[in-house]
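Okay, so here's the structure we're looking at.
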Amino acid sequence: DDPHVFISVAKLFWLDGKQRKARNWFNRAITVRPNLGDAWAWFYRFEKDQQRKSKIQRVLKKCIEAEPSHGARWCAVSKKVENEGSKTEAILKLVEETLPRDVFEV
């Protein structure tokens, strides 16, 4: 039950144009580790790419409820002095901006 594996599988389905399967795998990642902010950022990026406002808002709402605090990118952004005191929504959007355009770039 490794969320990083689930995220990788979701990205494969995303690239293959299988949105429903990708969404299911992103949901598995955030279900297994709801505190993994990097998973939320990738899921948010995916939904933004799909351009479905209701789905984007759902991910945003669930992320705020989960209050993530882990993940390499999440911690790098949330611990910056200039982001001190920022709300989860703002951190999520900042982390999403740091994600590589190529979904398999590290």
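Atom NZ of Lys62 sits about 4.5 Å away from atom CG of Asn27, to the nearest 0.5 Å. Rounding to the nearest 0.5 angstrom, the gap separating the CH2 atom in Trp25 from the CD1 atom in Ile30 is 14.0 Å. Of the inter-residue distances, the one linking Gln57 atom CD with Glu47 atom CD reads 11.0 Å to the nearest 0.5 angstrom. For the atom pair CZ (Phe46) and CG (Leu99), the distance works out to 14.0 Å, reported to the nearest 0.5 Å. Note that the CZ atom of Arg45 and the OG1 atom of Thr98 stand 8.0 Å from one another [nearest 0.5 Å]. Put simply, CG on Asp2 and CD1 on Ile7 are 8.5 Å apart, with the number rounded to the nearest 0.5 Å.
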**Request:** Would you please test Gln19 and Phe13 for side chain to side chain contact (heavy atoms under 4.5 Å, CB included) and show each step?
**Result:** CA-CA 7 Å; Gln19 289 82 13; Phe13 282 123; over 6 Å; no
**Prompt:** Passes side chain to side chain contact (heavy atoms under 4.5 Å, CB included), Asn83 versus Ser78? Steps please.
**Reply:** CA-CA 6 Å; Asn83 296 328; Ser78 65; 5.9 Å; no
**Prompt:** After noting the C-alpha distance and the side-chain angles of Asp1 and Phe6, does the key distance pass the side chain to side chain contact (heavy atoms under 4.5 Å, CB included) rule?
**Reply:** CA-CA 8 Å; Asp1 288 347; Phe6 294 162; 4.1 Å; yes
**Asked** Passes side chain to side chain contact (heavy atoms under 4.5 Å, CB included), Leu94 versus Glu97? Steps please.
**Response** CA-CA 5 Å; Leu94 290 170; Glu97 290 173 7; 4.1 Å; yes
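A salt bridge links Glu96 with Lys48: the distance from a Lys NZ or Arg NE/NH1/NH2 to an Asp or Glu carboxylate oxygen falls below 4.0 Å. Residues Glu89 and Lys93 are paired through a salt bridge, judged by an N-O separation under 4.0 Å between the basic side chain and the carboxylate.
Residues Val5 and Leu12 are members of separate hydrophobic clusters, defined by side-chain heavy-atom contacts under 4.5 angstrom among Ile, Leu, Val, Met, Phe, Trp and Tyr. Using a 4.5 Å cut-off between side-chain heavy atoms of Ile, Leu, Val, Met, Phe, Trp and Tyr, with links allowed through other members, Phe26 and Leu15 fall into the same hydrophobic cluster.
Scanning all heavy atoms of the two residues, the minimum distance from Pro68 to Cys63 falls at CD-O, 3.3 Å. Among all heavy-atom pairs drawn from Cys75 and Ser69, the shortest one is SG-O, 3.4 Å. Between Trp14 and Gln50, the closest heavy-atom pair is NE1-NE2, 3.7 Å. For the residue pair Trp40 and Pro34, the shortest heavy atom distance occurs at NE1-O, 2.7 Å. In this structure, Val95 and Ala41 approach most closely via the heavy-atom pair CG1-CB, 3.4 Å. Ile64 and Thr88 make their closest contact through CA-CG2, 3.9 Å (heavy atoms, listed as atom of the first residue, atom of the second, distance).
In this structure, Asn35 and Arg33 have side chains that are in contact, with non-hydrogen atoms separated by less than 4.5 Å. His4 is listed as a side-chain neighbour of Leu36, based on a closest heavy-atom distance under 4.5 Å.
Around atom CD of Glu84, no more than 12 heavy atoms belonging to other residues, nucleotides or ligands sit under 6.0 Å away. Counted within 6.0 Å of NZ on Lys21, heavy atoms from surrounding residues, nucleotides or ligands total 12 or fewer; the atom is thus considered open.
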